[in-house]
Amino acid sequence: MSTVSEERYVDLSKLCDKVDSELFDPLSWILVLNLDLIPEEDIMANENLRFSYNLMQQKYKEAIDIAKAIAASKNPISKYFNMLLKMDPDLSKTSEIAKAFFALSLRRIEIIEKLGIKKI
């Protein structure tokens with residue numbers, strides 16, 4: 001799957017269609033694209049943001065652990081994590097989609113770090 005690192009807009013639906021179109025429903029509620037705009041402290045304080053962040057960083061074991069914890073919780077978004085784990089228990093399809101989905105954020109983070117820009 002080609003990356004979308006130079007595009008400004010990432011179409012999650014098209015990415016899911018290439019791998020498994022049924023994953024669009026849960027992933028559209030779970031994944032957050034603009035992680036480069038969110039301060040790291042906020043990401044680490046929020047399980048859902050950490051899930052997306054770990055996928056972006058290709059830390060799949062950590063992402064699965066978070067997904068299982070949220071799925072077992074009373075969190076309103078837990079139904080989407082349950083749906084996701086039922087469709088993709090090892091997150092193999094999700095990781096394939098995430099690589100392309102987060103390519104844009106990763107590219108922006110690389111540029112921000114290279115230029116020494118600080119997040120507020």
Closest contact, heavy atoms only, Val32 versus Leu49: CG2-CD2, 3.8 Å

Nearest 0.5 Å please: distance from the CG atom of Leu23 over to the CG atom of Asp88. 5.5 Å

With a 4.0 Å cut-off, would you call Asp20 and Lys93 a salt bridge? yes

Under the rule for side chain to side chain donor-acceptor pair (under 3.5 Å), what residues qualify as partners of Lys61, not counting sequence neighbours? Asp65

Rounded to the nearest 0.5 Å, how far does CG of Asp25 lie from OG of Ser13? 11.0 Å

How close do Asn48 and Ile70 get, counting heavy atoms only, and between which atoms? N-CD1, 4.0 Å

Any donor-acceptor pair under 3.5 Å from Asn54 side chain to Arg50 backbone: yes

Counting C-beta onward and ignoring hydrogens, is there a side-chain heavy-atom pair between Tyr53 and Glu40 closer than 4.5 Å? yes

Between the CG atom in Leu15 and the CZ atom in Phe24, the distance rounded to the nearest 0.5 Å is 10.5 Å

Which value, rounded to the nearest 0.5 Å, describes the distance between Ser52 atom OG and Gln57 atom CD? 11.5 Å

Is it the case that the side chain of Asn34 and the backbone of Leu37 share a donor-acceptor pair, with hydrogens and angles ignored and the cut-off at 3.5 Å? no

Partners meeting side-chain contact (heavy atoms from CB on, under 4.5 Å) with Lys68 (sequence neighbours left out): Ile64, Leu85

Partner of Met56 by side-chain contact (heavy atoms from CB on, under 4.5 Å), out of Ile43, Leu35, Leu31: Leu35

In Å, rounded to the nearest 0.5 Å, how long is the span from OG1 of Thr94 to CG of Leu84? 4.0 Å

Where the side chain of Asp36 meets the backbone of Leu106, is there a donor-acceptor pair that is under 3.5 Å apart? no

Using the six-membered ring wherever Trp is involved, compare the ring planes of Phe51 and Phe81 and label them parallel, tilted or perpendicular (cut-offs 30° and 60°). perpendicular

Hey, are Arg107 and Glu110 close enough for a salt bridge, meaning a charged N less than 4.0 Å from a carboxylate O? yes

For Ser78, is there any backbone N or O sitting under 3.5 Å from a side-chain donor or acceptor partner on Asn82? yes

Going by side-chain contact (heavy atoms from CB on, under 4.5 Å), name the residues that satisfy it together with Ser95, two or more places apart in sequence or in a different chain. Tyr60

